[in-house]
Novice: 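One structure coming up, written as structure tokens, with questions to follow.
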Amino acid sequence: MIRGCWGNRKLTMAVSCCLVLAVIALTVGLCVGLKSDSNARDDSPRFTIDHEANTFMLDGQPFRYVSGSFHYFRAVPEAWRSRLRTMRASGLNALDTYVEWSLHNPHDGEYNWEGIADVVKFLEIAQEEDFYIILRPGPYICAERDNGGLPHWLFTKYPTIKMRTNDPNYIAEVGKWYAQLMPRLEHLYVGNGGKIIMVQVENEYGDYACDHDYLNWLRDETEKYVAGNALLFTVDIPNEKMSCGKIENVFATTDFGIDRIHEIDEIWKMLRVQQPTGPLVNSEFYPGWLTHWQEQNQRRDGQEVANALKTILSYNASVNLYMFFGGTNFGFTAGANYNLDGALGYAADITSYDYDAVMDEAGGVTTKYNLVKEAIGQFLTLPDITLNPAKRLAYGKVLLTPSLALLSAEGRAALSKGTPVESVKPKTFEELDLYSGLVLYETELPDMDLDPALLKIGQINDRAHVFVDMELVGTLSREAQIYSLPLSKGWGSTLQLLVENQGRVNFYISNDTKGIFGDVSLQLHNGGYLPLENWRSTAFPLDDTSIKRWQEGQSEKEIRLDSFLARQRILRNGPILYTGTLSVEEVGDTYLNMAGWGKGVAYVNGFNLGRYWPVAGPQITLYVPNEVLKVGSNSLVILEYQRANKTATGDDLPAVQFDAVAQLDGESGDVPLK
Ligand SMILES: *[C@@H]1O[C@H](CO)[C@@H](O)[C@H](O)[C@H]1NC(C)=O
Ligand SMILES: *[C@@H]1O[C@H](CO)[C@@H](O)[C@H](O)[C@H]1NC(C)=O
Ligand SMILES: *[C@@H]1O[C@H](CO)[C@@H](O)[C@H](O)[C@H]1NC(C)=O
């Protein structure tokens with residue numbers, strides 16, 4: 001039986017397409033690069049698989065790729081070309097990227113294809129820089145991104161949606177999304193004269209579930225657009241669940257890092273069960289690893305990485321280094337893990353996605369880069385490319401003026417999204433159609449018949465500063481699994497919980513909505529608990545737009561918080577916005593050093609650099625791309641939730657520093673969150 005040409009092609013073409021492969025394509029049939037049926041110019045597909053020689057074939061020649069992952073959404077668009085050129089200079093011949101649904105489709109029916117979301121431009125630059133392309137459109141991408149790249153508004157629209165399954169609502173939305181995305185990519189497939197050779201279906205699905213109806217549907221939906229013009233493939237973790245990720249007529253690959261290189265023969269054997277013939281492919285070879293807050297920065301030895309790469313390549317395998325260039329989770333885009341690696345519960349990813357990758361967070365060449373380049377050079381011809389890395393500059397100290405208290409009337413008016421929503425139960429972030437930022441939940445406290453009485457909350461996703469009448473009384477945390485604290489009678493009448501979304505889980509659980517879950521209840525004298533109702537939920541998106549709007553409203557006059565709030569070191573009355581000016585004579589890459597501060601978000605010229613949390617570590621500095629700076633005055637806004645790095649007295653103000661080097665290995669708990 002001839003398999004391998006599904007989709008909407010005519011049967012006659014299916015036969016001619018697959019004829020050469022028919023003998024060997026008993027279980028897998030693969031054929032790409034065919035022109036559409038009516039006006040076929042050349043019947044030989046450009047990119048195919050030779051199942052006897054176990055190799056890819058490109059334009060009739062055996063082909064293997066050594067690719068590197070670089071996600072366009074982790075670098076500003078002005079930096080794309082230089083990052084890609086540095087990658088190409090190492091000898092890589094292919095680029096691998098995910099496509100992030102939530103970036104391009106931030107709200108239901110709203111699409112974004114500009115700036116950092118101009119994925120077509122990114123892929124065109126990659127083609128110009130001489131790369132073949134491996135495209136991974138997901139739609140679930142994991143990638144240590146908020147919700148694994150799936151938009152938060154799916155929860156708003158369908159509260160009980162089952163992502164990554166045959167749920168009709170999920171499938172209908174994926175269909176709408178692919179109808180927007182896929183037609184834009186058509187000219188980029190190898191069969192249409194472009195350089196995309198492979199397109200992934202789902203992502204490490206076998207490890208998650210075993211719904212083949214969904215996988216088959218997604219394969220057909222992808223092929224509807226790819227139409228034989230690139231090769232569909234899957235990636236599965238080499239474990240006993242691999243067969244759950246295997247899709248009929250889709251080329252199967254696997255992924256592993258240096259920690260599993262000693263069992264490479266067993267891993268290839270496992271892959272061969274799913275994919276008996278064709279080239280061996282490691283789609284995610286990890287030269288580094290991801291890092292959570294409150295753990296040590298994950299480092300991997302460069303020489304071990306280079307040796308393992310040589311081992312993989314000695315099998316004639318194709319390989320993708322994940323990440324070759326990691327970049328940054330700007331804004332609120334970082335994801336989180338749950339129950340991973342012995343951690344008990346929730347663990348949020350740091351803002352940097354340096355990943356101890358082959359290139360560093362600013363796109364620079366590292367010792368590891370040179371070792372990896374040397375390894376690649378033993379297998380592929382190295383191109384002769386001269387690099388012009390951006391300068392890294394230390395701009396020194398910037399003083400910060402306390403300018404706005406978030407929970408004050410002015411703060412709420414300036415930065416909240418509309419008026420508070422009133423409801424019996426607190427509204428989730430998703431119900432408020434809020435991607436991230438903060439939500440303030442307020443209710444009136446009943447007369448307490450105990451002193452103190454325990455305030456107990458079912459679940460906080462993910463962290464709450466608790467106030468009574470605007471006075472801080474403690475912090476609750478999903479990471480630390482602290483969901484209760486004592487309140488004293490007479491502290492006041494209004495209970496306020498300021499809840500932070502620290503990043504939606506991107507691996508395994510698929511319903512990580514944010515806010516307050518279960519009852520918020522107060523201990524009673526009789527041993528029972530009284531659930532608190534009638535809440536006001538106020539959303540603070542804290543996105544670039546709302547910060548810029550506030551700054552523009554301030555005109556040129558000096559903004560200064562005129563009260564005792566301004567002199568606080570520990571922010572006992574809620575977050576404060578600090579503003580400052582960075583004067584620049586020469587533009588370069590730099591790192592914002594947040595040493596001495598607590599936890600918050602930083603903006604340069606209205607660009608959200610991401611979350612900082614130096615008291616937790618290990619990340620101390622935030623990467624500031626040279627592209628967001630300009631010669632002259634640059635505005636700096638720090639929204640600090642917990643504490644300033646010193647007390648502001650008179651003109652003696654707290655400060656931050658701009659350094660020329662990153663500090664990602666700061667002191668931290670050094671222990672997994674147990
Ligand atoms: C790799 O490919 C070459 C050329 O086709 C072949 O001679 C060699 O045996 C292959 N090596 C392995 C380990 O498959
Ligand atoms: C997510 O699903 C799990 C398992 O079904 C459930 O225990 C949990 O409460 C859900 N979380 C939310 C926020 O709905
Ligand atoms: C506050 O930041 C400034 C500038 O980086 C630094 O010199 C100072 O040591 C910091 N203060 C504390 C207490 O960390």
Side-chain angles (χ1 to χ4, degrees), residues 76 291 293 297 327-331 350-352 354 360-364 389-404 547 551 558-561 566-571 575-668:
V76 294
T291 300
W293 296 109
N297 189 24
T328 308
N329 294 308
F330 295 118
I350 60 172
T351 297
S352 171
D354 176 274
D360 67 21
E361 186 176 4
K391 277 194 186 168
R392 299 184 185 191
L393 299 175
Y395 295 109
K397 218 176 198 182
V398 172
L399 297 179
L400 293 172
T401 308
S403 299
L404 183 71
I547 295 295
Q551 284 184 292
E558 196 195 354
I559 327 153
R560 183 177 279 244
L561 194 55
R567 293 187 298 278
Q568 288 187 337
R569 167 104 208 266
I570 308 303
L571 308 191
I576 289 180
L577 264 88
Y578 296 82
T579 54
T581 302
L582 169 66
S583 299
V584 166
E585 280 171 22
E586 183 188 4
V587 165
D589 284 333
T590 187
Y591 297 90
L592 174 55
N593 188 333
M594 295 306 300
W597 292 80
K599 187 177 201 314
V601 205
Y603 309 79
V604 169
N605 291 330
F607 179 84
N608 186 341
L609 299 173
R611 302 177 178 99
Y612 64 83
W613 195 8
V615 288
Q619 179 176 3
I620 309 298
T621 53
L622 289 172
Y623 171 57
V624 185
N626 70 78
E627 293 86 355
V628 310
L629 296 176
K630 55 182 196 285
V631 171
S633 293
N634 295 267
S635 88
L636 177 63
V637 173
I638 303 289
L639 175 60
E640 170 59 49
Y641 303 157
Q642 301 183 176
R643 67 165 203 179
N645 100 331
K646 83 188 275 298
T647 306
T649 46
D651 288 333
D652 193 10
L653 297 169
V656 292
Q657 192 161 301
F658 287 88
D659 295 342
V661 288
Q663 205 178 316
L664 299 175
D665 299 271
E667 275 192 43
S668 70

Novice: Pro618 versus Thr291: any side-chain heavy-atom pair under 4.5 Å?
Specialist: yes
Novice: Would a 4.5 Å heavy-atom cut-off, applied to side chains only, mark Tyr395 and Ser583 as touching?
Specialist: no
Novice: Could you tell me which residues satisfy salt bridge (Lys or Arg N to Asp or Glu O under 4.0 Å) with Asp659, sequence neighbours excluded, listed by chain and number?
Specialist: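 Partners of Asp659 by the salt bridge (Lys or Arg N to Asp or Glu O under 4.0 Å) criterion come out as none, since no residue qualifies.
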Novice: Between Trp597 and Val656, is there a side-chain heavy-atom distance shorter than 4.5 Å?
Specialist: yes
Novice: Among all residues two or more places apart in sequence or in another chain, which pass the salt bridge (Lys or Arg N to Asp or Glu O under 4.0 Å) test with Arg392?
Specialist: Asp360
Novice: State, yes or no, whether a side-chain contact exists between Glu585 and Val631 at a heavy-atom distance under 4.5 Å.
Specialist: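 No, side chains not in contact.
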Novice: Any side-chain heavy atom of Leu577 sitting closer than 4.5 Å to one from Val637?
Specialist: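 With C-beta onward as the side chain, the pair touches.
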Novice: Considering only residues two or more places apart or on different chains, which pairs with a residue in residues 612-639 satisfy ring pair (Phe, Tyr, Trp, His ring centres under 6.0 Å)?
Specialist: Trp293-Trp613, Tyr591-Tyr623
Novice: Give a yes or no on whether the backbone of Asn605 and the side-chain of Asn634 come within a donor-acceptor separation of less than 3.5 Å.
Specialist: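 No, because the side chain of Asn634 does not come within donor-acceptor range (under 3.5 Å) of the backbone of Asn605.
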Novice: Which residues pass the salt bridge (Lys or Arg N to Asp or Glu O under 4.0 Å) test with Lys391, sequence neighbours left out?
Specialist: Glu586
Novice: Once salt bridge (Lys or Arg N to Asp or Glu O under 4.0 Å) is applied, what residue pairs with a partner in residues 629-644 remain, sequence neighbours excluded?
Specialist: none
Novice: Could you tell me if Thr351 and Asn329 have a donor-acceptor pair between their side chains, going purely by distance under 3.5 Å?
Specialist: no
Novice: Does Pro625 reach the side chain of Leu609, with side-chain heavy atoms less than 4.5 Å apart?
Specialist: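 Yes; the side chains approach each other to less than 4.5 Å.
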Novice: Considering only heavy atoms from C-beta outward, does the side chain of Asn608 approach that of Ile547 to under 4.5 Å?
Specialist: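 A side-chain contact under 4.5 Å is absent here.
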Novice: Indicate whether any N or O donor in one side chain lies under 3.5 Å from an N or O acceptor in the other, for Ser403 and Thr579.
Specialist: yes
Novice: Would you say the side-chain atoms of Arg567 pair up with the backbone N or O of Thr649, donor to acceptor, closer than 3.5 Å?
Specialist: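 Such a contact is absent between Arg567 side chain and Thr649 backbone.
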Novice: My understanding is that only residues two or more places apart in sequence, or in another chain, count here; which of them pass ring-ring contact (aromatic ring centres under 6.0 Å, His included) with Phe658?
Specialist: none
